[in-house]
Trainee: 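Take a look at this one; I'll ask things after.
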Amino acid sequence: MNKFDINSLNDEQKNALKELDGVVLVTAGAGSGKTRLLTHRICHLVLDKGVSPYNILAITFTNKATNEMKERIEEMGVSNVWVFTFHSMCVRILRRDIENIRGYDRNFTIIDENDREKILKEICKTLGIEDDIEKVEHHLDNIKNKGMDIEEYFSSLVQFGNKENLLKYKNAIYSYEKKLFENNSLDFDDLLNKTLFLFNNFPNVLAYYAERFKYILVDEFQDTNLVQYKLIKLLTSFHHNLFVVGDEDQCIYSWRGANFKNIFNLRDDFPSVKVFKLERNYRSSKNILNLANNVISNNNERLEKKLWTEKDMGVPPVIYTAFDERDEANFLAREIEELASEGYSYDDIAILMRINALSRPIEEGLLSQNIPYRLYGGQKFFERAEIKVLIAYLSIFINKKDEISLLKIINLPSRKIGEVAIANLKEEAKDESLLSYLLSPRFEFSKYYSKLKNFVETFKNLSDKMDSLKMNEFVKKMVTDFQIDKYYQGKDEDSINRLSNIDSFLTSLKEYEDENENPNFADYLASIMLRSDQDDIEKNGQVNIATIHAVKGLEFKVVFVVALEEGLFPLSRALNSHSEMEEERRLMYVAITRAEERIYLTRAIKRFMYGKSNYETESRFLRELNIVDIKKPSVSAKKKDDFFLDEKEEFDSGFKSGDKVFHSRFGEGVILDISDDGLVGKIKFSIGVKELMLNIANLEKVSEDD
């Protein structure tokens, strides 16, 4: 057990920790030990000041941060503190109190982004505005991120927009809300908004939580949106003890409604707020911090602070100017192999990009050198088709109003129930939910009864066993009884993988049961829905390829930041917007401060994107690093340090079309063509045609006599 010891904190951390009463704002730079401060404050309250864990609430922004905080305070001897993300806290509150809102019950379903989009598409198509779905989504996001009433929101827009179009968008959003209500379902934003509605309209509900939580701590405060800010203000309305830690320099989620200005709002709403700064960094070398400080100093909307460390200067940053994306990818692969030979694990390394669309050449470069990697932001386990089928089946057992899930599986496996049959069944059900109708005696007189009789009987039989079986045993029986396993049966690799994934789902259920007190399906499904990209990042012997957004809060010994070109990073949409450019710069700051020991920054002179090849301009962020000695491309491509090409010169490999060549891996071949820049050769080998970088391919010319 790690012993709780306030003296393990630095002076700035101790000063903040000891301010127990009132509102405290800690502006904590990247890597400055904010998690340590938060966990020690909780333990100080419990172990030194005698506060009951029951009276403490800690709010984080990721499941990873939640788990880390719980583990740390438990190691120091404190347990049973409410440590949640905003969304998981709201799920806990709604499971207890949502039945105050007429029409909802505690077994509500949480729909995912795909379901949300599908419902909106169907509604927009019905209303004849399918081409305007993005506008409808935009308005819906605004309403929910600000916690506004639909009528109030659209009334505020009348003077700015087309009244007829706004009326259509408003009707679409009302239809969306009605659909969710009828299904006893909530989307992610509803978790926050319905909790806010409860607090605002049911004083007894707010009083229960506001009086209970004497001390409230909030991590990553810069990422709160307006609804979350309102929730915090209401929760602190009784005891007025609030401790928030944030860094406006790391606010990178404005597209989700995050507003770093809440840090400034806090100072306005609570004039007596006490402000502390954490500037000492425990993560990165001086060289890395110098880059971060230089970049972020170009932002205006921030509180002045400068990261410093007692670590040494460390390895100088490497800036690489590649000829194109293939050259960039090959550079990454070579450097990673070099790092591995020096003792770094692949786990220690992250390749960070602004957008996922940049990953393909990088993946190909790593594959060519047999370097294992994992791409984050791709298809996740719980988003795979066969897993979503299991989730849909489970959902209808928990929430019998959940028609959204029912329609996903009513014909899987096939029961010969098509769209016409579904429309007729809905008509027969009248005001009753579709599943309730199928389970009722009335349905036995329907012409569709014979097709769905087995489904209905299986559902009833399993429902009777739900409370007596363990969770994984119930799902195993569900898979067998509904013949889901037979549906995916096959000898091809895809079928084998799907059945393996179903087994993994069963394992996940067993682990959940073992790790939680009073486990239940509703909470399990909620935990699935609230997973984030970071939950899947783990030590697995692979290089991490991810967007910068996906790794916020994480750290790696070595970081590569790629594609540092105007229009890609920063994105083109930010070029004419001061606020968006500052957010792009904050992203650059976050990317740099993920690195502990080494950082590589790469750009390409030309890049193939969106169907064409363009010459690129280096990112302004590279210039803002204030590094004088930036390597320039050279013509020599024989030594490891000379893989650069001058922007005004072409590369002469000494080869020409028709030359016979030998490659150590692919054998003999013939050069069919060479690119205009002289860099890429298209070569026909016995195994097929390959495109190779002629500056690094180590080809040997084969004479006719050979």
Trainee: I need the minimum non-hydrogen distance between T66 and V83, along with the two atoms involved.
Mentor: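 So the two residues come closest at CG2-O, 3.3 Å.
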Trainee: Are I398 and N520 close enough that some pair of their side-chain heavy atoms sits under 4.5 Å apart?
Mentor: no
Trainee: Decide side-chain contact (heavy atoms from CB on, under 4.5 Å) for L235 and F199; before the verdict, give the C-alpha distance in whole Å, the side-chain angles of both, and the deciding distance to 0.1 Å.
Mentor: CA-CA 9 Å; L235 283 167; F199 286 175; 3.8 Å; yes
Trainee: Could you tell me whether a side-chain N or O of Q228 sits under 3.5 Å from a main-chain N or O of N225, the two making a donor and an acceptor?
Mentor: yes
Trainee: Mark yes or no for whether R106, through its side chain, and R96, through its backbone, hold a donor-acceptor pair below 3.5 Å.
Mentor: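 Not confirmed, R106 side chain does not pair with R96 backbone.
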Trainee: Quick check: closest heavy atoms across A58 and M69, and the distance to 0.1 Å?
Mentor: CB-SD, 3.9 Å
Trainee: Side-chain contact test, heavy atoms from C-beta onward, threshold under 4.5 Å: evaluate it for I545 versus L366 and give yes or no.
Mentor: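 Contact flag for I545/L366 side chains = yes.
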Trainee: Measure up the F482 and F455 rings against each other and bin them: parallel (under 30°), tilted (30 to 60°), perpendicular (over 60°).
Mentor: tilted
Trainee: Counting N and O atoms only, with roles assigned by atom type, does the side chain of S446 sit under 3.5 Å from a partner on the main chain of R442, one being a donor and the other an acceptor?
Mentor: no
Trainee: Taking atom CG of L140 and atom CZ of R116, what is their separation to the nearest 0.5 Å?
Mentor: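 Answer for the CG-CZ pair, L140 versus R116, is 4.5 Å.
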Trainee: When rounded to the nearest 0.5 angstrom, what is the spacing between CG in D481 and CD in E457?
Mentor: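 Result: 12.0 Å between the selected atoms.
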Trainee: Give a yes or no on whether a salt bridge exists between D464 and K460, defined as a side-chain N under 4.0 angstrom from a carboxylate O.
Mentor: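 No.
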Trainee: Should the pair Y437 and F443 be assigned to parallel (<30°), tilted (30 to 60°) or perpendicular (>60°) ring geometry?
Mentor: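 Perpendicular.
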Trainee: Using a 4.5 Å cut-off on heavy atoms from C-beta on, say whether the side chain of I387 contacts that of I528.
Mentor: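 No, their side chains stay 4.5 Å or more apart.
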Trainee: Can you list the steps and then say if M478 with L390 is a side-chain contact (heavy atoms from CB on, under 4.5 Å)?
Mentor: CA-CA 9 Å; M478 183 186 81; L390 299 185; 4.3 Å; yes
Trainee: Any idea which heavy atoms bring D347 and G541 closest together, and the distance?
Mentor: OD1-N, 2.7 Å
Trainee: How far apart are the closest heavy atoms of S527 and Y512, and which atoms are they?
Mentor: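 Shortest heavy-atom contact: OG-CE1, 4.1 Å.
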Trainee: Salt bridge check, K144 against E177: does any charged N sit closer than 4.0 Å to a carboxylate O?
Mentor: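 Judged by the 4.0 Å cut-off on N to carboxylate O distance, E177 and K144 do form a salt bridge.
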Trainee: Is K70 close enough and on-axis enough to F84, meaning under 6.0 Å and within 45°, for cation-pi?
Mentor: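 Satisfied, under 6.0 Å and within 45°.
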Trainee: Mind checking side chain to side chain contact (heavy atoms under 4.5 Å, CB included) for K430 and listing every partner two or more places apart, or none if nothing turns up?
Mentor: none
Trainee: Hey, does the side chain of E513 reach the backbone of K470 with a donor-acceptor pair shorter than 3.5 angstrom?
Mentor: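 Answer holds: no.
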Trainee: Within the side chain of S175, is there an N or O that forms a donor-acceptor pair under 3.5 Å with the backbone of N171?
Mentor: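 Yes; at least one donor-acceptor contact below 3.5 Å.
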Trainee: Are K388 and D115 close enough for a salt bridge, meaning some N to O gap below 4.0 Å?
Mentor: no
Trainee: Among side-chain atoms of Y176 and D187, is any donor-acceptor pair under 3.5 angstrom?
Mentor: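 The answer is yes; a qualifying pair exists.
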Trainee: Is any side-chain heavy atom of L509 closer than 4.5 Å to one of F521?
Mentor: yes
Trainee: Kindly indicate whether a cation-pi arrangement holds for R212 with Y54, taking the cut-offs as under 6.0 Å to the six-membered ring centre and within 45° of the axis.
Mentor: yes
Trainee: In plain terms, say whether K477 and E473 are close enough for a salt bridge, that is, a side-chain N and a carboxylate O under 4.0 Å apart.
Mentor: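 Salt bridge flag = no for E473 with K477.
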Trainee: Can any side-chain N or O of E325 pair as donor or acceptor with the backbone N or O of F608 at less than 3.5 Å?
Mentor: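 Side chain of E325 to backbone of F608, a donor-acceptor pair under 3.5 Å: yes, one is there.
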Trainee: Between E122 and K179, does a salt bridge (Lys or Arg N to Asp or Glu O under 4.0 Å) hold up when you go through it step by step?
Mentor: CA-CA 11 Å; E122 290 172 354; K179 177 79 169 177; 5.2 Å; no
Trainee: Does M529 have any side chain to side chain contact (heavy atoms under 4.5 Å, CB included) partners at least two apart in sequence or in another chain, and if so, which?
Mentor: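 Expected list: I110, D112, F188.
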Trainee: Work out which heavy atom in E403 is nearest to a heavy atom in L434; give both atom names and the distance.
Mentor: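 Looking at all heavy atoms of both residues, the closest pair is OE1-CB, 3.7 Å.
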Trainee: Within a reach of under 6.0 Å around CG of N424, are more than 12 heavy atoms found that belong to other residues, nucleotides or ligands?
Mentor: yes
Trainee: With no hydrogens and no angle check, is any side-chain donor or acceptor of R72 less than 3.5 Å from a backbone partner on L38?
Mentor: no
Trainee: Taking C-beta and beyond as the side chain, do L568 and R354 meet within less than 4.5 Å on heavy atoms?
Mentor: no
Trainee: Are the side chains of I351 and L332 in contact, using a 4.5 Å heavy-atom criterion?
Mentor: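 With C-beta onward as the side chain, the pair touches.
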Trainee: To the nearest 0.5 Å, tell me how far T85 OG1 sits from L530 CG.
Mentor: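 Separation between the atoms: 6.0 Å.
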Trainee: Check the angle between the aromatic planes of Y209 and W82 and answer parallel, tilted or perpendicular using the 30° and 60° thresholds.
Mentor: tilted
Trainee: Once the angle between the rings of F86 and F61 is folded into 0 to 90°, is it parallel (under 30°), tilted (30 to 60°) or perpendicular (over 60°)?
Mentor: perpendicular
Trainee: For residues N107 and N184, is any side-chain donor paired with an opposing acceptor at under 3.5 Å?
Mentor: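 N184 and N107 do not have a side-chain donor-acceptor pair below 3.5 Å.
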Trainee: Any idea how F382 and F505 line up, ring-wise: parallel (<30°), tilted (30 to 60°), or perpendicular (>60°)?
Mentor: perpendicular
Trainee: Between E386 and L499, is there a donor-acceptor pair closer than 3.5 Å when you use the side chain of the first and the backbone of the second?
Mentor: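 No.
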Trainee: For a quick test of reading the model, state the closest non-hydrogen atom pair linking S79 to P53 and the distance between them.
Mentor: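 Closest pair (atom of S79, atom of P53, distance): O-CB, 3.3 Å.
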Trainee: Y253 side chain to H549 main-chain N or O, any donor-acceptor pair under 3.5 Å?
Mentor: yes
Trainee: Donor-acceptor pair, distance only, cut-off 3.5 Å: does the side chain of R374 make one with the backbone of A546?
Mentor: no
Trainee: Quick check: do F459 and L435 have side-chain heavy atoms less than 4.5 Å from each other?
Mentor: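 Yes, side chains in contact.
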Trainee: Quick one: does D189's side chain get under 4.5 Å of N145's, heavy atoms only?
Mentor: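 Yes - at least one pair of side-chain heavy atoms lies under 4.5 Å apart.
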Trainee: I'd like to check the side chain to side chain donor-acceptor pair (under 3.5 Å) partners of Y104; sequence neighbours left out, ordered by chain and number.
Mentor: none
